[in-house]
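Single-structure report; data block below.
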Amino acid sequence: MLAQLQEEGVKLDHVPGGPIVSRSVVDGNQNLTLSLLWNIIFQYAINKILAIDQLRAEVTILKEILSRRKQLKLSVEEKDDDFVLGLPGRRVSVDERGFFNSEVVTTLLDWCKVVCSYYDVPVDNFTVSFSDGRVLCLLVHHYHPELLPLSRVRMQTSLSHQLMEMDASRDFLSDSRLDPELHRENEKENFRALSEAMKGLNEVPYMITPSDMIGTIPDEKIVITFVSYLCAALVDISQDFRAAQKIQRAWRRHKFLERHEEMRERRRAVIRVQALARALLGRRQLEVMKLNR
């Protein structure tokens with residue numbers, strides 16, 4: 001059975017703790033058995049949930065829109081393009097020894113980075129970056145602002161404070177940023193807002209619990225699985241929205257051309273009427289002149 005799974009793409013060799021063999025399962029090796037289960041989930045669920053070409057196209061579109069915003073100076077703060085791809089000195093991709101080191105997961109992380117760069121929130125990995133709930137809230141808000149308004153996202157968290165401490169060029173705006181209780185409450189509020197918003201996305205299984213996220217290093221496997229489902233739903237929404245925009249633009253253009261042609265016809269009609277009226281008036285003036293002679 002394991003040989004068949006390996007033939008279908010399930011990774012058995014490069015996993016933490018050594019290669020997965022039949023004996024690992026029979027002997028009850030918990031770590032390797034869990035690794036096998038997660039690799040099966042990844043192969044038969046996540047790879048089927050996410051269409052890599054569609055996801056790449058979405059990332060490209062988001063980057064183009066963000067670039068235009070920067071050029072038009074609509075973003076709050078200009079940043080280098082390296083921000084989208086991660087910041088120096090931080091872990092910028094999925095660990096090479098992790099369960100889900102693949103093109104799909106790398107592209108998924110790029111998607112998270114690009115979306116959150118609209119709001120100046122860095123995303124470096126699928127663990128600590130997601131621990132305060134900001135990233136998940138921003139992903140939902142970006143595509144579904146009516147489900148999760150930006151005003152519900154609490155930006156002052158333990159993670160944001162740590163990132164500010166790492167950047168000596170930034171000054172603290174208030175002492176409230178140093179309040180651990182406030183940070184923890186903000187993080188709880190982020191996950192409350194996310195939980196409420198997920199009720200509007202019924203197709204996404206909500207497998208995140210605040211106790212497994214706040215004040216700890218979240219399980220990378222659970223985060224990737226949840227974000228995969230979330231991405232699949234949101235990107236579909238994005239495509240539907242863009243399709244609707246295209247239809248609206250096409251309809252507006254059609255109506256504009258229709259009104260333009262109607263106005264041209266009216267102008268032609270007015271010109272014809274005016275020409276006939278002038279000709280009629282001219283003939284009458286000639287007749288009057290002849291009678292006066």
Side-chain angles (χ1 to χ4, degrees), residues 75-77 79 83-84 86-87 89-92 94-95 108-109 111-231 233-234 237:
S75 56
V76 176
E77 181 182 358
K79 290 180 167 29
F83 178 82
V84 174
L87 294 175
R90 295 180 187 168
R91 180 184 173 200
V92 297
V94 180
D95 194 329
L108 182 66
L109 185 61
W111 172 72
C112 296
K113 291 178 181 180
V114 178
V115 172
C116 291
S117 65
Y118 280 73
Y119 310 96
D120 296 334
V121 173
V123 180
D124 303 319
N125 49 56
F126 280 113
T127 53
V128 177
S129 293
F130 286 77
S131 62
D132 60 4
R134 289 183 302 163
V135 172
L136 293 171
C137 288
L138 291 173
L139 292 176
V140 176
H141 164 76
H142 191 77
Y143 292 90
H144 250 321
E146 72 280 2
L147 287 180
L148 207 164
L150 189 58
S151 59
R152 290 290 308 273
V153 185
R154 303 292 179 86
M155 293 297 186
Q156 301 304 324
T157 65
S158 301
L159 179 59
S160 67
H161 177 68
Q162 291 171 9
L163 293 176
M164 291 180 67
E165 284 185 327
M166 292 172 60
D167 189 349
S169 65
R170 296 194 180 189
D171 296 326
F172 295 115
L173 299 179
S174 69
D175 293 337
S176 63
R177 294 185 174 183
L178 304 174
D179 186 351
E181 290 301 322
L182 176 62
H183 291 161
R184 190 171 184 83
E185 184 57 36
N186 284 346
E187 292 163 9
K188 290 180 180 179
E189 179 57 31
N190 283 339
F191 283 104
R192 279 194 290 267
L194 177 66
S195 177
E196 293 174 12
M198 294 309 298
K199 295 176 183 177
L201 296 169
N202 296 325
E203 67 272 27
V204 180
Y206 189 55
M207 55 186 69
I208 297 294
T209 56
S211 59
D212 293 332
M213 305 289 287
I214 298 174
T216 185
I217 298 177
D219 190 314
E220 185 178 50
K221 301 179 289 297
I222 293 176
V223 174
I224 290 176
T225 304
F226 174 67
V227 174
S228 298
Y229 279 100
L230 185 61
C231 176
L234 296 179
I237 290 171

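- The closest side-chain heavy-atom distance from Phe226 to Phe130 is not below 4.5 Å.
- Within the structure, salt bridge (charged side-chain N to carboxylate O under 4.0 Å, His left out) contacts touching residues 128-140 (residues at least two apart or in different chains) are Asp132-Arg134.
- In this structure, Met213 and Pro218 approach most closely via the heavy-atom pair SD-CB, 3.6 Å.
- Smallest separation of non-hydrogen atoms from Thr209 and Asp212: OG1-OD2, 2.6 Å.
- The number of heavy-atom neighbours closer than 6.0 Å to CD1 of Ile217, taken from other residues, nucleotides and ligands shown, is 12 or below.
- Residues meeting the side-chain hydrogen bond (donor to acceptor under 3.5 Å, both in side chains) test with Glu146, sequence neighbours left out: His144.
- Within the model, atoms CZ of Arg154 and OG of Ser160 stand 12.5 Å from one another, a figure rounded to the nearest 0.5 Å.
- Evaluation of the side-chain hydrogen bond (donor to acceptor under 3.5 Å, both in side chains) rule for Ser131 yields no partner, not counting sequence neighbours.
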Under 3.5 Å donor-acceptor pairs involving side-chain atoms of residues 191-201, not counting sequence neighbours:
from   : atom 1 : to     : atom 2 : distance (Å)
Arg192 : NE     : Glu189 : OE1    : 3.1
Arg192 : NH2    : Glu185 : OE2    : 2.6
Arg192 : NH2    : Glu189 : OE1    : 3.2
Glu196 : OE1    : Arg152 : NH1    : 3.1

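- Using a 4.5 Å heavy-atom threshold, the side chains of Leu234 and Val204 count as separate.
- Minimum interatomic distance between Glu187 and Thr157 (heavy atoms only, all atoms of both residues): OE2-CB, 3.6 Å.
- Atoms CG and SG, from Asp124 and Cys116 in turn, are 10.5 Å apart once rounded to the nearest 0.5 Å.
- The shortest distance between side-chain heavy atoms of Leu138 and Met155 falls below 4.5 Å.
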Is there a side-chain contact (heavy atoms from CB on, under 4.5 Å) between Ile222 and Ile208? Walk through the geometry before answering. CA-CA 8 Å; Ile222 293 176; Ile208 297 294; 4.2 Å; yes
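- Residue Cys112 comes nearest to Val227 through the heavy atom pair SG-CG1, 3.8 Å, listed as atom of the first residue, atom of the second, then distance.
- Taking OH from Tyr118 and NZ from Lys113, the interatomic distance works out to 16.0 Å, rounded to the nearest 0.5 Å.
- Ser228 is linked by a side-chain contact (heavy atoms from CB on, under 4.5 Å) to Ile46, Leu50, Leu108, Ile224, counting only residues two or more places apart in sequence or in another chain.
- With hydrogens and angles ignored, the 3.5 Å screen pairs a side-chain donor or acceptor of His141 with a backbone N or O of Leu148.
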Thr127 and Val223: CA distance, side-chain angles, deciding distance, side-chain contact (heavy atoms from CB on, under 4.5 Å) verdict: CA-CA 7 Å; Thr127 53; Val223 174; over 6 Å; no
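- With sequence neighbours left out, the salt bridge (charged side-chain N to carboxylate O under 4.0 Å, His left out) criterion links Asp219 to Lys221.
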